[in-house]
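Inspection log for the structure reproduced underneath, given as structure tokens.
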Amino acid sequence: MIHFVLLISRQGKVRLTKWYSPYSQKERSKVIRELSSEILSRGPKLCNFVEWRGFKVVYKRYASLYFCICSDQDDNELETLSIIHHYVETLDRYFGSVCELDLIFNFHKAYFILDEILLAGEMQETSKRTTLRLIAAQEELLEAAKEEASSLSSIIAQATK
Amino acid sequence: MEQLKTIGRELAMGSQGGFGQSKEFLDLVKSIGEARSKAEEDRIVLREIETLKRRLLEPDIPKRKMKEYIIRLLYVEMLGHDASFGYIHAVKMTHDDALPLKRTGYLAVTLFLSDDHDLIILIVNTIQKDLRSDNYLVVCAALNAVCKLINDETIPAVLPQVVELLGHSKEAVRKKAVMALHRFYQKSPGAVSHLVSNFRKRLCDNDPGVMGASLCPLFDLVTIDAKSYKDLVSSFVSILKQVAERRLPKSYDYHQMPAPFIQVKLLKILALLGSGDKQASESMYTVLGDIIRKSDSSTNIGNAVLYECICCVASIHPNPKLLESAADVIAKFLKSDSHNLKYMGIDALGRLIKLSPQIAEQHQLAVIDCLEDPDDTLKRKTFELLYKMTKSSNVEVIVDRMVDYMISISDDHYKTYIASRCVELAEQFAPSNHWFIQTMNKVFEHAGDLVNIKVAHNLMRLIAEGFGEDDDATDSQLRSSAVESYLRIIGEPKLPSMFLQVICWVLGEYGTADGKHSASYISGKLCDIAEAYSNDETVKAYAISALMKIYAFEVAAGRKVDMLPECQSFIEELLASHSTDLQQRAYELQAVVGLDAQAVQAILPRDTRCEEIEVDKDLSFLNGYVDQAIEKGAQPYIAEDERNGMGNVSNLRSQDQHESIQHGLRFEAYELPKPPMQSKVDPVSSTDVVPVPEALSYRETHPISSVGSTSEAGSSELKLRLDGVQKKWGRPTYSTPTSSTTNSPSEKPANGASHVDSATASYSKSRDSQNTKKTEIDPEKQKLAASLFGGSSQPERRSSTGHKASRSSGGAADGSRGSKAVEKTIQQPPPPDLLDFSDEPTVTSALPSVDPFKQLEGLLDSSMSSTTNHNAGTATIAPDIMSLYGDSTASQDSLDIFHGLSTEPTGATSGETTVTTLPQSVKGPNAKDALEKDALVRQMGVNPTSQNPNLFRDLLG
């Protein structure tokens, strides 16, 4: 089972946290502090796993962003690594060549997508297409509102030219 | 006009980049991003909290605004601050009818609240309503919340609906219902135990997603009780077979593997079901063999499936053919350049080693490489493997390595763990007591306060009992070597308390035993310890007890006790100590030193630690004294349980038989302490370990009897049993005439070290002759390998070396081929869709010192206004700008990390070179997106400055 997911930037800034096991706010900060110092200091050639307090933390760096998942001792690390990559690929398809900035400003969307992949600490859906279709269905309403704003903005833009 | 322009820009921002938030929020995110320190970040967040508190109090907040506030609360909470003041608004938002708002509300509550939060009760009602909704998206949102927020108390409120949803027409709902029910099962198995058959039903769901989800609860159920699920073996096997044969929809493929996540789950379940069940295992052999054959070992996920296969093969009833192919996979892992695969290989080796011990020998050099790797994680995994393969022939090498590693790390959690491993191995396999003591010394010195106190008592017992055989000379040799080593060690600063306790005890018992050191020398050392660690009462107690023993031995031997002034002052200090225990010990010491030799010998006889102490529980030796007292009119003693109910009988009084116990309260003053005359009567001899007694209420009136009773309590507490030890201390299989208590070379051959040398010699010789390739291997490593993996039986080794060398040479050839293949994949250029423009050393080297953004400032600003309508126009200049954003330092190493996992490794030919020369053509249509995004954030003032240029990099480079 997965206990938490963390996204940390190379500067140690938190980009996303999701806790599947109960941790108090104090414990959370401690966990983040401990793990980010441990993971950020690891060299590039080392393996992507860290044993930590009897758990395993699997992390992977994408550009300047570290995706970390903490799972049970007997979980398959390579599978966890693939779950991370699966999530990143899903994000990439959703945002269209995702970069850290997308996640900074749209962290709530990153949460929504994560919620469609992982639920209650387990992987609920392994098909990217299914995940994205569900997200798209949820956002249909939003899209309508956006289009409206977009047409309005182009009118204004043209007017101000 | 200006104003209109800003409005237009803001609107454009909302629509274009998809950042649907207000300027205020974007500014917040931006300033957090630019914060240079944690303190600055905290200040900004605190300010934001104040703003939000104010805003949330405003009346009639429009819903859109509210949604943003909730997201801002999420942000605050994510950064580790308390946003509880706004929780209620998130709860309210879940009541909203509009899906986007409801969804945000549910997201917020799942992130804010734990399942025992008070506000949950306000949400349960909404969840119930939403679970009944016609809109399946609403139901999905509610089910997401159910998984996080429902606890064992609220399960009954939603359970019927969740069960009903298992048959919902939408697969997304069924899937989430399965996960929710699984969560209920984890939280309160009793509440849903009658419903577990639903999981079996969902295993046959039409939708692969639902089927995959049902594997999670089934795995849990099988873990708990494999027997009741044996009937599903054939179903699982056939599902696995179908998955492996690509019968699932293509969308479940991941990196060309058919539904690998489902395969992994199934393999885990099969491993449990096949364990110890020959029949079940046999039905799995074919499919396992197929998967191992088919799995693609060039991708991460392919290796994940392979690893899971090995775990399964190791767990089920063994099959030689499968074991062989599993061993081949392990070989591939270990020979890989990737640390990840090495790690998995070591782990897999540890699983397989019980079934086929010989495979470790094939990989000995790879294992040693991993052991010496700078990567801590890999090293620890290797120690785990070594722990599993420790036997009496290699224990010295392994434990020495472990101790060295233990000394080098600072992580207390792991240090404790590895220290206990060292102790465990040393206790189980120690080839000699001398080695054991030396090893324990090291463990204590560096992790003394982390190990279990029993370990210390075991060590003291061992020193006291020696070999437990008839050889007294070796025993005393052992003791004096322990004393010598401790006298050396105590000079070092900051020793752990527990180690000091052992040292004090040993010095007290044996410091003067061999006559090498004078009593004053040892007592001086003891005082030094007590002085240096004056805050540690336990150590002081051990020190004063040790002093007492030293002096007692002196007195008993008829020598005059010459107390050093520092000892004198130490004792005086303790006489006035606040700790009654220390005080009592000091008084005892004073009393004992004042007695004559015969009495002292009776109290503290030398070298009787191992003798059984007969405890006279009835205290019959006091009978005369008691009778006398009764004759004189004292009240007879009444046992405590009889006395109970008589009101306030204090502990103090219960000790005194003379006291009248008739009245409930005493008003007269306490009696004066009696002189310690009873000490002469008390024949209880000194015993070994005198732990600091818990009972501090003993009075000085009974000093010696209290010593007796504490040591008695101690011995029963510490379980100083003789029998247990002997069994553990297995001798090495080969003969050891006198175990290595001395370092004389003549004794060495007995101890395995010589095996190493000769074995290595023969080993390397055969290697040299047969395999010239391997000659460059460090002889040190070979030696280590030989001592780790061989050395148990020399003749066997000799006969097998030739065989082994040829095998390993074959392996090496394989390995070089394998690594070539790996290299090939590594050199494979990144996918054609190279979203990443920053990997261009040429650009950065051309502009080494100039800030590219400064130069581009004007260009961007002028192009900015046109971005909204003229994307096509800006796209042409996009590549140049993007390339300038690159930073070469970070890009180089990040590229290294990525190429192993390149998304779709289509056979792109010279991707990298194209990038350097013609970046535009590679970026393709994505350039537009990237540029837009980029322009947008720049507009907001987020600049890809040197602080974090990677913000703009595509994550999937």
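Computed from a predicted structure; not experimentally measured. Letters A, B, ... mirror the listed sequences (proteins, then strands); counts begin at 1.
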Open item on the list: Need one label for A:Lys30: side chain, backbone, both or neither, based on atoms under 4.5 Å from any heavy atom in chain B.
Closed with: neither
Open item on the list: Does any backbone or side-chain atom of B:His182 lie under 4.5 Å from a heavy atom of chain A? Answer side chain, backbone, both or neither.
Closed with: side chain
Task: Exam field: side chain A:Lys13 to backbone B:Ala35, donor-acceptor pair closer than 3.5 Å - done: yes
- [ ] Indicate the ring-plane relationship of A:Phe107 and B:Tyr75, choosing parallel, tilted or perpendicular according to the 30° and 60° boundaries.
- [x] tilted
- [ ] Answer yes when A:Glu139 and B:Arg103 have at least one side-chain N-carboxylate O distance shorter than 4.0 Å, and no when they do not.
- [x] yes
Task: Per-residue contact mode, B:Met78 against chain A (heavy atom under 4.5 angstrom) - done: both
Open item on the list: I'd like to know if A:Arg42 and B:Asp375 make a salt bridge, using a cut-off of under 4.0 Å between side-chain N and carboxylate O.
Closed with: yes
TODO: Can you tell which part of B:Leu111 gets under 4.5 Å to a heavy atom of chain A, answering side chain, backbone, both or neither?
DONE: both
TODO: Just give me the residue among A:Arg129, A:Arg133, A:Gln124, A:Arg53 that pairs up with chain B most often, heavy atom to heavy atom, under 4.5 Å.
DONE: A:Gln124
Open item on the list: Rounded at 0.5 Å granularity, tell me how far OH in A:Tyr111 sits from CG in B:Leu74.
Closed with: 6.5 Å
TODO: May I ask you to decide if A:Pro22's main-chain N or O and B:Ser114's side chain share a donor-acceptor pair within less than 3.5 Å?
DONE: no
Task: Side-chain donor-acceptor pair present, B:Tyr414, A:Glu51, cut-off under 3.5 Å - done: no
- [ ] Identify which part of A:Thr130 has an atom lying under 4.5 Å from any heavy atom of chain B, answering side chain, backbone, both or neither.
- [x] side chain
- [ ] Please report the shortest heavy-atom distance between A:Leu46 and B:His339, naming the atom on each side.
- [x] C-CB, 3.9 Å
TODO: Pick one of side chain, backbone, both or neither for A:Leu91, based on which atoms fall under 4.5 Å of a heavy atom in chain B.
DONE: neither
Open item on the list: On a heavy-atom basis, which atom in A:Trp19 and which in B:Lys148 lie closest, and how many Å separate them?
Closed with: O-NZ, 3.8 Å
TODO: Could you check which of B:Glu308, B:His81, B:Arg183 has the highest count of heavy-atom pairs closer than 4.5 Å to chain A?
DONE: B:Arg183
TODO: Report the option among B:Tyr136, B:Tyr307, B:Phe219 that has the most heavy-atom pairs separated by less than 4.5 Å from atoms of chain A.
DONE: B:Tyr307
Open item on the list: If we ignore hydrogens and angles and just use 3.5 Å, is the side chain of B:His413 paired with the main-chain N or O of A:Trp52 as donor and acceptor?
Closed with: no
Task: Pairwise distance OG(B:Ser338) to CG(A:Leu78) - rounded to 0.5 angstrom - done: 8.0 Å
- [ ] Identify which part of B:Glu171 has an atom lying under 4.5 Å from any heavy atom of chain A, answering side chain, backbone, both or neither.
- [x] neither
Task: Donor-acceptor contact present, side-chain B:Tyr254 to main-chain A:His86, <3.5 Å - done: yes
Open item on the list: Restricting to non-hydrogen atoms, name the atom on B:Ala304 and the atom on A:Asn76 that form the minimum distance, rounded to 0.1 Å.
Closed with: O-ND2, 2.9 Å
TODO: Tell me, out of B:Arg380, B:Lys342, B:Glu77, who's got the most heavy-atom pairs with chain A below 4.5 Å.
DONE: B:Glu77
- [ ] Could you grab the distance from atom SG of B:Cys147 to atom CD of A:Glu122, nearest 0.5 Å is fine?
- [x] 10.5 Å
Open item on the list: If I measure from the heavy atoms of chain A, does B:Leu341 come under 4.5 Å with its side chain, its backbone, both, or neither?
Closed with: side chain
Task: Region of B:Ile301 in contact with chain A, defined by heavy-atom distances below 4.5 Å - done: both
TODO: Under 4.5 Å, counting heavy-atom pairs only, tell me which of B:Glu41, B:Lys381, B:Lys268 racks up the most with chain A.
DONE: B:Lys268
- [ ] Could you look at B:Lys38 and say if it's the side chain, the backbone, both or neither that has a heavy atom under 4.5 Å from chain A?
- [x] neither
Open item on the list: Working to the nearest 0.5 angstrom, can you tell me the gap between B:Leu107 CG and A:Lys18 NZ?
Closed with: 6.0 Å
Open item on the list: Quick check on B:Lys265 against chain A: is it the side chain, the backbone, both or neither that has a heavy atom closer than 4.5 Å?
Closed with: side chain
Open item on the list: Please report the interatomic distance CG(A:Asp115) to OH(B:Tyr106), rounded to the nearest 0.5 Å.
Closed with: 13.5 Å
TODO: Under 4.5 Å heavy-atom distance to chain A, tell me which part of B:Tyr343 shows up: side chain, backbone, both or neither.
DONE: side chain
Task: Distance in Å, A:Phe49 CZ paired with B:Asn340 CG, rounded so as to fall on 0.5 Å steps - done: 3.5 Å
Task: NZ/B:Lys170: more than 12 non-hydrogen atoms of other groups inside 6.0 Å - done: no
Task: Which portion of A:Tyr23 sits near chain B, non-hydrogen atoms under 4.5 angstrom - done: neither
TODO: Would you mind reporting whether B:Asn300 and A:His85 have side-chain heavy atoms less than 4.5 Å apart?
DONE: no
TODO: Select, from A:Glu116, A:Lys26, A:Arg28, the one with the greatest count of heavy-atom pairs under 4.5 Å involving chain B.
DONE: A:Glu116
Task: Region of A:Glu77 that comes under 4.5 Å of a non-hydrogen atom in chain B - done: both
